[in-house]
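As the structure is a prediction and not an experimental result, all values here were calculated from the model. Just follow the structure's listing: the first ligand is 1, and inside any ligand the first atom is 1.
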Amino acid sequence: MTTDLPADRLLITVAPTGAETAKEDCPQLPTTPEEIARTAAECEAAGAAMIHIHVRDADHRPTLDLGLLREWVAAVRDVSSLVVQLSTGGSVHDPLEDRLKVLDAEPDSCSLTMGTTNFGDDVFSNPWPFVCELYQLSQERQVVPEFELFDLGQVHALHRLLAKYGLPYGGRVHCDLVMGVPGGMNGTADALVAAVRDLPEAVTSWSATGIGRSTLAVALASLSKGGHLRVGMEDVLTIAKGVPVESNRQLVERVAELGRIAQRTPMTPDEARTFLGIR
Ligand code: KMH
Ligand code: ZN
């Protein structure tokens with residue numbers, strides 16, 4: 001099987017919900033199976049090929065309940081062909097053992113953060129033994145990881161992980177630079193260039209997302225370095241200063257347009273499966 005696609009292809013990942021924003025503060029945040037299904041269909045039509053999912057319960061609170069994880073995965077698969085990536089990061093309050101169980105919901109892909117990060121006033125905990133256990137579990141379950149890199153130290157940790165445990169299931173190595181988190185690397189072109197320069201040679205693709213007001217700076221820097229894009233209401237809630245985002249579709253449409261200007265064509269979900277080594 002060849003994994004080569006035309007060089008202009010752009011992987012757009014939508015991260016529509018996250019675990020940090022309350023429904024009461026942002027009613028347009030998709031927090032039910034119906035809302036996530038509608039979001040998936042709209043974002044696929046707008047150019048997204050992968051969806052990064054954090055699940056909410058009936059009270060709109062973040063949860064790692066296996067039944068709900070399965071329900072959300074099924075809801076997205078019913079209405080779209082998007083590559084389904086479940087977050088194993090969860091919320092800063094989720095125990096490590098619950099985060100390992102996310103793979104029981106049989107996603108196509110899972111996020112895998114390469115180290116502990118201060119996360120605003122909280123700590124997003126990813127001790128090295130946990131990272132290694134989750135990685136080996138993803139290999140065993142044939143789930144393709146996306147390595148989330150919040151700082152340069154985590155880029156270095158990815159070198160160590162691949163040297164110790166080899167390539168992920170599928171043989172491709174895809175990373176996502178998560179930039180602008182208070183506690184992680186800055187959301188600037190300079191920081192992006194430094195992180196990309198240090199990526200392991202085994203990396204076959206990378207995307208980037210800038211939190212909050214760094215969203216556009218990071219998207220433009222990523223396009224100019226030939227990278228891919230993640231966008232969504234997990235990462236940004238305003239479309240311009242003081243103007244709330246209306247929907248995830250609006251954010252996907254905007255980066256698809258930036259991609260068009262940069263002469264990049266959105267990848268289809270089928271192309272993304274090949275590109276990422278999804279089974
Ligand atoms: N919600 C953050 C604490 C991931 O999805 O893997 C972690 C996060 C990363 O969003
Ligand atoms: Zn996430």
- Message: Taking 2.8 Å as the cut-off, does Glu234 contribute an N, O or S atom near the Zn ion (ligand 2), distance below it?
- Response: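 It does: Glu234 brings an N, O or S atom closer than 2.8 Å to the Zn ion (ligand 2).
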- Query: Is the shortest distance from a heavy atom of Gly90 to ligand 1 less than 4.0 Å?
  - Reply: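 Yes, that is the case, since the closest heavy atom of the residue is under 4.0 Å from the ligand.
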Please tell me if the side chains of [X] and [Y] come closer than 4.5 Å, counting only heavy atoms from C-beta onward.
{"X": "Leu258", "Y": "Leu223", "value": "yes"}
{"X": "Val14", "Y": "Glu234", "value": "no"}
{"X": "Ser247", "Y": "Thr39", "value": "no"}
{"X": "Pro16", "Y": "Ile36", "value": "yes"}

Protein contact to [atom] [nearest heavy atom, distance to 0.1 Å]:
{"atom": "atom 3 (C) of ligand 1", "result": "Glu20 OE2, 3.6 Å"}
{"atom": "atom 5 (O) of ligand 1", "result": "Ser87 OG, 2.7 Å"}
{"atom": "atom 6 (O) of ligand 1", "result": "Ser111 OG, 2.6 Å"}
{"atom": "atom 10 (O) of ligand 1", "result": "Glu234 OE2, 2.9 Å"}

- Query: After noting the C-alpha distance and the side-chain angles of Lys101 and Asp94, does the key distance pass the salt bridge (charged side-chain N to carboxylate O under 4.0 Å, His left out) rule?
  - Reply: CA-CA 11 Å; Lys101 289 191 195 129; Asp94 285 320; over 6 Å; no
Side-chain atoms of residues 110-125: list all donor-acceptor pairs with protein atoms under 3.5 Å, sequence neighbours left out, distances to 0.1 Å.
residue, atom, partner, partner atom, Å
Ser111, OG, Thr88, N, 3.0
Thr116, OG1, Asn126, N, 2.8
Thr117, OG1, Gln154, NE2, 2.9

- Thr88 N/O to ligand 1 N/O under 3.5 Å: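 In this structure, Thr88 places no N or O atom under 3.5 Å from an N or O of ligand 1.
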- Message: Using a 4.0 Å cut-off to any heavy atom of Gly89, which atoms of ligand 1 qualify?
- Response: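 Listed by number with element, the hits are 4 (C), 6 (O).
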- Give the name of the N/O/S atom in His52 that lies closest to the Zn ion (ligand 2).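 Atom name of the closest N, O or S in His52: NE2.
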- Item | Pair His54, Thr17: side-chain N/O donor-acceptor within cut-off below 3.5 Å |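 No, Thr17 and His54 have no side-chain donor paired with an acceptor closer than 3.5 Å.
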